[in-house]
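Working notes for the structure below.
Numbers restart at 1 for each chain; the letters A, B, ... are given by sequence-line order, proteins then strands. FYI, side chains are in, hydrogens and waters are out, and symmetry mates aren't considered; it's all heavy atoms of this structure.
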2 protein chains.
Amino acid sequence: MIDDELKERIKSIVGEKNFTDNTIDLLSYSQDGSEAEGTADAIAWVTTTEQVSELMKLANEKRFIVVPRGAATGLSGGAVASQGLIMDFSRMNRILEIDTENLTATVEPGVVLADLNNELAKRGTGLFFPPMPASDSVAQMGGSISENAGGVRAVKYGVMSDWVLGLEMVLPTGEVIQEGGKTRKNVSGYNLIGMISGSEGTLGVITKATVGLTPIPETQLSALAYFNTTENAGKFIFRLFKSGLNPSAGEILDANTLQSVSNYTGMTFPECGAMILVEIDGDKEDVQRRLKGLEELFKEFKDAGYLLEYKLAWDPVENFELWQARKSALPSMTQIKPTVIIEDTTVPLDKIPVLLKSMEQLAKKYNLLIPCYGHIGDGNIHPNFLCDPRDPDEFARAHEAIKEMGATVLGLGGTVTGEHGVGTEKKMFMLAEHGQNKINLWERIKQAFDPNRILNPGKIFD
Amino acid sequence: MIDDELKERIKSIVGEKNFTDNTIDLLSYSQDGSEAEGTADAIAWVTTTEQVSELMKLANEKRFIVVPRGAATGLSGGAVASQGLIMDFSRMNRILEIDTENLTATVEPGVVLADLNNELAKRGTGLFFPPMPASDSVAQMGGSISENAGGVRAVKYGVMSDWVLGLEMVLPTGEVIQEGGKTRKNVSGYNLIGMISGSEGTLGVITKATVGLTPIPETQLSALAYFNTTENAGKFIFRLFKSGLNPSAGEILDANTLQSVSNYTGMTFPECGAMILVEIDGDKEDVQRRLKGLEELFKEFKDAGYLLEYKLAWDPVENFELWQARKSALPSMTQIKPTVIIEDTTVPLDKIPVLLKSMEQLAKKYNLLIPCYGHIGDGNIHPNFLCDPRDPDEFARAHEAIKEMGATVLGLGGTVTGEHGVGTEKKMFMLAEHGQNKINLWERIKQAFDPNRILNPGKIFD
């Protein structure tokens, strides 16, 4: 609980205009992109590392909880606070440096991912920052690193942590730590960047990041194909990644998702098991050549009777068209039911068809709609549990089905989260996925960073 | 100290034939690839995870030190034990599975890196494991992950940790932990793989690893160029990485290294500031096309008067030839002086010329030979301090010069180790590089894993 005296001390650190404990403000900060909900005692918008350090020292001394928050686009409750202080980074959002000689950018945590890429384009650098979670038009750097966000391009370009070269962070006890810098490799001491990335704001508060940039590919072209069964789509996935065609995105939409998109957009699709969309980027000449290679692979699958139809985009306009079904997938579902619980199952590549099949069976068993789409190169499939909270029976069935989904995924050698994080929403699976020995180790690690459990406690594990 | 009773208990765990405390054996295990030296009390060759777990439990109970050891090709003393038990992995060396559908291999820690690639080739999988430290013909997986080894291909393919999908490890207290698996992405809980990779065997003992594989590129071709000054070589580095030519290796040899190679092999080189060697891999057609792009860039630098000569390898035979100078660099130096202290400085890309220049000045100041070569894409330059331990004055000057090198590198925003690790040999730089707050945090992390400080203590920090 943050009492009035503490509130005054917080105000004296961040300034009057960067503080609120107004009920409406607190309510509007009570959610993220998941079902999680909670109301903090106050919100502080920080603007400097010193403020973050001062606040953490105060919190550590007075034992109040601090929950760092970016744009709160997270899908697992990581940025939701049920007490204490929300530390908001949206006003600490300067691009501090773009260094074209070292192919790096140094940013404050509140910088929006797309804003960095827009600035890189505006300055004509010819460089870009590749990680592209679906929320990149609002998601902030600090939050995206803390959640180790992925996205459609992860198959070629990796996830956030693959691009973080340096971090400044404030420990829960207030010390400021510098880690890495502009060097491309670094094995000096324990790899704290690897540990902090994806730790969901439970170990330290990121106050600055230096990230790598890479030349913008000359072009992107895509192709899509409809497979008669998910099994045959699975066979294609294996061949695609062994082919060396090196796609920059590989997406799958199951039949239920296509149905949902069709209802929403009026687009029509052949009756099929699944659609696969593949993007290739690089130099124009090279992309054309690889797209032809992909066409050959499609033809082979068509001749075998596995593939029903395919389309190739030979120019940017056609390319844009091909992506419309994928981009409409999530919005289309919100038209069917008010609540879409987006799960984040990730399995070995060869288990994608089994996973899709078991989601179909789960939908039947629980009388639910569970359309699935996701990233085939990572085995990262998002089953979407559609339900209406005003229908308590359906709502309960959805949550029962999610539990069963967890057991299924772990049985396939997978994880319940490939890119969305654990937060509060996936904590229930942690014991089964990791075992008590590992959770005990996590607790000791948390203790090493945060002896008084004041920084975003209760996330990932209790 | 391991007394006779403990030795009997160790023997009962690993078997008589997997144990020795013979003085000659201990002496032959007293070094790695660095100057570090130390003699353990005994050596145990482990062959199963259970044995590792039993030994760690015993060590934790009886408080004796355990030092895990692979092929001990490390260059910073990480595998050298000055007391306690050496836990040797060379007999725990089975390739447990090659999974071509998921593009993964699961191996025991003693598997030699090149053996995995040979087996992948023998089975005709069309896949390979990219990380290629210079010692890959003997270096083992466990050691290479623990040191997070790099190598010439890191610029395109990354380092060991970029390829580790799953680990089985034994904690210093004996518990067996499973981390990750065959999934390509995973944000479930703290990223222990990121933390264990590069922790130099101080946090846990790796007993199994699942690593990613990727399709073998159809071909590799290379090109080399001689630049009049290191500054102009530096200008080329920047242009190369902004060009999008995406080299699979980029190496630099300074004038002193070329002189050393020339003395050793009889090869002749133009008088120059530095030689740069660039490798491009991929499909034949694409590689030829990109090699032409590289030629254009060379021509531009030649026209500007920055580049003296260049050579392009248009087929594998020519390619092999182009690499001979680079491959002879280290062997050539051992002909000049009996001791070659290989340093591992890593700086932002634009600081490579400054670093090379300051190594030249250092060589003059201390009357030493310090030829430099390294990986331009990572800013990872290896200054080689040549000296003769039988000349105490020279030996002392070399060590003084190394201290000054450390300060220089940190002043350039770099690190003293990009791929070789800290071990015992670079501990002296840790306070200056990381500060006391971070070292205190490392201590608390070490405590979380190893409360009794029995697993490879005294490495990285005291």
Side-chain angles (χ1 to χ4, degrees), chain A residues 101-103 126 147-148 150 154 159 161 171 175 177 181-191 194-195 197-199 215 217 238 241-244 285-286 289 346-350 377-380 413-422 430 433-434 437-438 441-442 444-445 447-448 460, chain B residues 101-103 126 147-148 150 154 159 161 171 175 177 181-191 194-195 197-199 215 217 238 241-244 285-286 289 346-350 377-380 413-422 430 433-434 437-438 441-442 444-445 447-448 460:
Chain A
E101 294 211 14
N102 286 307
L103 290 79
E147 295 291 324
N148 203 8
V159 294
S161 59
L171 296 182
E175 298 98 319
I177 298 267
K182 288 186 181 176
T183 59
R184 295 270 149 185
K185 285 194 313 202
N186 187 327
V187 290
S188 184
Y190 294 145
N191 177 10
M195 189 72 160
S197 305
S199 67
F238 160 61
F241 289 104
K242 260 205 75 174
S243 69
E285 206 178 312
D286 183 41
R289 202 176 49 77
T346 305
V347 293
L349 301 187
D350 68 336
D378 314 317
N380 185 194
T415 171
V416 293
T417 181
E419 59 180 13
H420 293 170
V422 178
M430 291 300 102
E433 182 166 342
H434 296 281
N437 280 340
K438 205 196 288 179
L441 178 62
W442 292 351
R444 296 195 301 272
I445 292 170
Q447 181 76 20
I460 305 178
Chain B
E101 295 210 15
N102 286 307
L103 290 79
E147 296 290 324
N148 202 8
V159 294
S161 59
L171 296 182
E175 299 99 318
I177 299 267
K182 288 186 181 177
T183 58
R184 295 268 151 185
K185 283 195 312 200
N186 187 328
V187 290
S188 183
Y190 294 145
N191 177 10
M195 189 71 159
S197 305
S199 68
F238 160 61
F241 290 104
K242 262 204 75 174
S243 70
E285 207 178 313
D286 183 40
R289 202 176 49 79
T346 306
V347 292
L349 302 188
D350 68 337
D378 314 316
N380 185 194
T415 171
V416 294
T417 181
E419 60 181 11
H420 294 170
V422 178
M430 291 300 102
E433 184 165 343
H434 297 281
N437 280 341
K438 205 196 286 178
L441 177 62
W442 291 352
R444 297 195 301 271
I445 292 170
Q447 181 77 18
I460 306 178

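- Of all non-hydrogen atoms in A:Y190 and B:W442, the two that sit nearest each other are CE1-O, 3.7 Å.
- With chain B as the partner, the residue from A:G244, A:S188, A:S199 showing the most heavy-atom pairs under 4.5 Å is A:S188.
- Heavy atoms of A:E147 lying under 4.5 Å from chain B belong exclusively to its backbone.
- Counting heavy-atom pairs closer than 4.5 Å to chain B, the top residue among A:N148, A:I460, A:V347, A:D350 is A:D350.
- With a 4.5 Å cut-off on non-hydrogen atoms, A:Q447 does not touch chain B at all.
- Nearest approach of A:L103 to B:F241, heavy atoms of both residues: CD2-O, 3.7 Å.
- Within the 4.5 angstrom heavy-atom criterion, atoms from both the backbone and the side chain of B:E101 approach chain A.
- For A:T346, the side-chain contact (heavy atoms from CB on, under 4.5 Å) partners at least two apart in sequence or on another chain are A:N380, A:T415, B:T183.
- Of the two parts of A:V159, only the side chain, counted from C-beta on, holds a non-hydrogen atom closer than 4.5 Å to a non-hydrogen atom of chain B.
- Shown here are the side-chain contact (heavy atoms from CB on, under 4.5 Å) partners of A:L171, two or more places apart in sequence or in another chain: A:T173, A:E175, A:I177, A:F449, B:L441, B:R444.
- Here the closest non-hydrogen pair linking A:D378 and B:K185 is OD2-NZ, 3.2 Å.
- The two residues B:L349 and A:R184 make their nearest non-hydrogen contact at CD2-CG, 4.3 Å.
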